[in-house]
Amino acid sequence: MTHTAAFDPAHPELLLDLELPSGQPPEEGWPVIVWIHGGGWRLQDRTARPDFARHFCSAGFAMVSIDYRRAPEHPHPAQVHDLRQALRWLRSHGDEFCLDSDSIGLWGSSAGSHIAAFTALSAPTPRLPGETIPADYANLSTEVACVVDGYGPADIAALLPGFPEPEPEPEPEPEPERGREAGPRYRRAATPEEDLLGGLPSTATAYEALRERAREASPALLDITDSPPFFILHGTVDAAVPAAQSREFHERLSAHGGESLLYLIEGFGHGFFNPGEVLELGPGVRLDNGRLEAEPETPFTADNRGGFDPRGRYPSFELVRNFFAHHLGAVRR
């Protein structure tokens with residue numbers, strides 16, 4: 001059964017879908033997995049997700065998929081604020097839906113992994129800069145028990161291409177409309193990472209300020225002192241987010257005492273958690289949608305620095321489910 005609800009009084013347009021397993025819940029409630037969709041922070045909504053019922057609800061997990069505000073109209077950390085509020089909502093309504101508020105994990109795809117990782121690592125901070133917390137939710141935690149990170153950008157600053165050169169001066173144009181100023185024209189559009197930070201600024205000096213905001217928006221550069229366990233999966237030929245981002249994030253997590261399991265999947269590109277019908281980056285951009293299920297025995301390398309033992313198994317939705325079961329618990333069926 002799926003329940004749809006608005007989770008933030010300040011942003012009633014944001015909805016979440018909560019899909020519950022069938023049958024009698026365990027005494028402590030259903031463990032919860034929150035899916036955060038990808039789309040370069042600019043596209044998609046909560047419906048861009050894997051098959052919850054088949055892969056997870058049937059194993060005793062309550063599954064949640066959320067909307068979040070999109071860039072560049074809503075720059076970082078708006079998306080993190082939205083996920084934090086969704087976690088508070090779930091804890092506030094835990095008894096109503098028989099949820100185990102102590103067993104909540106995050107699962108992100110691409111931009112969603114960035115939001116998940118930043119949220120998990122910033123959870124000890126009661127209130128983030130610019131965050132407005134409704135009074136009824138002020139005392140509710142945003143901490144999570146574990147994170148599955150799919151090909152997520154971890155160091156935003158390292159992905160910035162640099163301030164774009166302006167185009168050559170064009171022929172004189174008609175006067176701009178009254179009330180509108182003629183701005184600079186660039187050789188390229190803003191990248192997803194630049195839009196996450198509000199879009200291209202108009203000067204090189206302002207772009208340096210954007211680079212500083214990028215460092216502040218990078219999960220890998222946060223103060224990592226008490227991180228939950230991570231399972232990071234990345235394709236070795238990912239052209240959207242280099243696999244080096246996940247390798248370096250994995251190293252940083254473990255260097256600071258955190259548990260981390262890294263899977264690098266040979267020949268995989270971006271978007272392999274998405275089913276075939278989800279066009280994560282818009283029409284005509286297929287990425288590797290559906291490939292995780294279509295190629296179940298793809299070679300990989302693994303580096304395990306945590307308590308969950310994958311026992312050499314291939315990357316799959318089942319392995320993701322097993323990771324969550326290890327850290328959250330679930331009813332076996």
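- Note: Cys146 SG to Ile104 CD1 = 10.5 Å, rounded to the nearest 0.5 Å.
- A donor-acceptor pair under 3.5 Å is formed between the side chain of Ser316 and the backbone N or O of Leu319.
- No side-chain heavy atom of Leu210 sits less than 4.5 Å from a side-chain heavy atom of Phe163.
- By the rule that hydrophobic residues join a cluster once side-chain heavy atoms approach within less than 4.5 Å of another member, Leu287 and Leu159 end up as members of separate clusters.
- Side-chain contact check for Thr2 and Asp17: no donor-acceptor pair (N or O, by modelled atom type) lies under 3.5 Å.
- Applying the salt bridge (charged side-chain N to carboxylate O under 4.0 Å, His left out) rule to pairs touching residues 81-91 yields Arg69-Asp82, Arg84-Glu131, Arg88-Glu131, sequence neighbours excluded.
- Hydrophobic clustering (side-chain heavy atoms under 4.5 Å, transitive across Ile, Leu, Val, Met, Phe, Trp, Tyr) groups Leu128 together with Leu196.
- Evaluation of the salt bridge (charged side-chain N to carboxylate O under 4.0 Å, His left out) rule for Arg291 yields Asp288, Glu295 as partners, not counting sequence neighbours.
- Within the 4.5 Å cutoff, no side-chain heavy atoms of Pro315 are placed close to those of Thr298.
- Residue pairs meeting the salt bridge (charged side-chain N to carboxylate O under 4.0 Å, His left out) criterion with at least one member in residues 205-225, sequence neighbours excluded: Glu212-Arg215.
- Within the 6.0 Å centre-distance limit, the rings of Phe249 and Phe230 are counted as a close aromatic pair.
- Following chains of ILVMFWY side-chain contacts shorter than 4.5 Å, one cannot reach Leu253 starting from Val241, and the two form parts of different hydrophobic clusters.
- Looking at Asp136 and Ser92, their side chains never come closer than 4.5 Å, going by heavy atoms from C-beta outward.
- Distance check, rounded to the nearest 0.5 Å: CG of Leu328 to CG of Asp102 gives 11.0 Å.
- Within 6.0 Å of atom CD in Glu96, more than 12 heavy atoms from other residues, nucleotides or ligands are found, so the atom counts as buried in its surroundings.
- Under the 4.5 Å side-chain heavy-atom criterion for ILVMFWY residues, a single connected hydrophobic cluster contains both Ile156 and Tyr207.
- The two atoms that bring Ala217 and Pro219 nearest to each other are O-CD, 3.4 Å, heavy atoms only.
- For Thr236 (side chain) and Gly267 (main-chain N/O), a donor-acceptor pair under 3.5 Å exists by modelled atom type.
- For His37 and Tyr68, the gap between ring centers is short of 6.0 Å.
- Residue pairs satisfying the side chain to side chain donor-acceptor pair (under 3.5 Å) criterion with at least one member in residues 115-126, sequence neighbours excluded, are absent.
- Residues that satisfy the ring-ring contact (aromatic ring centres under 6.0 Å, His included) test with His256, not counting sequence neighbours, are absent from this structure.
- Counting non-hydrogen atoms of neighbouring residues, nucleotides and ligands closer than 6.0 angstrom, the CG atom of Asp309 exceeds 12 such neighbours.
- Every residue meeting the salt bridge (charged side-chain N to carboxylate O under 4.0 Å, His left out) condition with Glu194, not counting sequence neighbours, appears here in chain and number order: Arg188.
- In summary, of the residues considered (Val144, Val147, Leu90), a side chain to side chain contact (heavy atoms under 4.5 Å, CB included) with Val34 occurs for Leu90 alone.
- Within the 4.5 Å cutoff, the side chain of Gln85 has heavy atoms near those of the Pro134 side chain.
- If you check the side chains of Ser254 and Arg305, you find a donor sitting under 3.5 Å from an acceptor.
- Rounding to the nearest 0.5 Å gives a distance of 7.0 Å between OG1 of Thr132 and CZ of Arg127.
- Remark: Glu293 pairs with Arg54 by the salt bridge (charged side-chain N to carboxylate O under 4.0 Å, His left out) rule, at least two apart or across chains.
- Counting only residues at least two apart or in different chains, side chain to side chain donor-acceptor pair (under 3.5 Å) contacts with residues 258-268 comprise His250-Ser260.
- Using a 4.5 Å cut-off on side-chain heavy atoms (C-beta onward), Val32 and Val64 make contact.
- Within the 3.5 Å criterion, the main-chain N or O of Trp89 finds a donor-acceptor partner in the side chain of His93.
- Side-chain N/O atoms of Asn322 and His326 include no donor and acceptor closer than 3.5 Å.
- In this structure, Asp303 does not pair ionically with Arg247, as no charged nitrogen and carboxylate oxygen lie closer than 4.0 Å.
- The main-chain N or O of Gly150 is found under 3.5 Å from a side-chain atom of Ser113 such that the two form a donor-acceptor pair.
- Judged by distance alone, the side chain of Asp67 and the main-chain N or O of Leu15 form a donor-acceptor pair under 3.5 Å.
- At a threshold of 4.5 Å between non-hydrogen side-chain atoms, the residues Ile36 and Leu106 count as touching.
- Side-chain atoms of Ser110 never come within 3.5 Å of backbone atoms of Gly38 as a donor-acceptor pair (strictly under, hydrogens ignored).
- No side-chain heavy atom of Phe300 sits under 4.5 Å from any side-chain heavy atom of Leu264.
- Although no hydrogens or angles enter the test, the distance criterion places a donor-acceptor pair under 3.5 Å between the side chain of Gln245 and the main chain of Asp155.
- Checked against ring-ring contact (aromatic ring centres under 6.0 Å, His included), His76 has the following partners two or more places apart in sequence or in another chain: His114, Phe118.
- Between Phe308 and His327, the ring planes are tilted. Angles from 30° to 60° get that label.
- Listed by first and then second residue, the ring-ring contact (aromatic ring centres under 6.0 Å, His included) pairs involving residues 137-158 are Tyr151-His270, Tyr151-Phe272, Tyr151-Phe273 (not counting sequence neighbours).
- Between the CZ atom in Arg313 and the CD atom in Glu318 there is a gap of 7.0 Å [rounded to 0.5 Å].
- Atom CG in Asp8 sits 10.5 Å away from atom CD1 in Ile133 (nearest 0.5 Å).
- A continuous path of hydrophobic side-chain contacts links Trp107 to Ile265 [ILVMFWY only; heavy atoms under 4.5 Å].
- Between the CG atom in Leu160 and the CD atom in Glu193 there is a gap of 7.0 Å [rounded to 0.5 Å].
- Ser109 has its side chain within reach of Trp35: a pair of non-hydrogen atoms, C-beta onward, lies under 4.5 Å apart.
- Between Ser227 and Gly258 the shortest heavy-atom distance is OG-CA, 3.6 Å.
- In this structure, His11 has no ring-ring contact (aromatic ring centres under 6.0 Å, His included) partners at least two apart in sequence or on a different chain.
- Taking the salt bridge (charged side-chain N to carboxylate O under 4.0 Å, His left out) definition, one finds that Arg42 meets it with Asp195, sequence neighbours left out.
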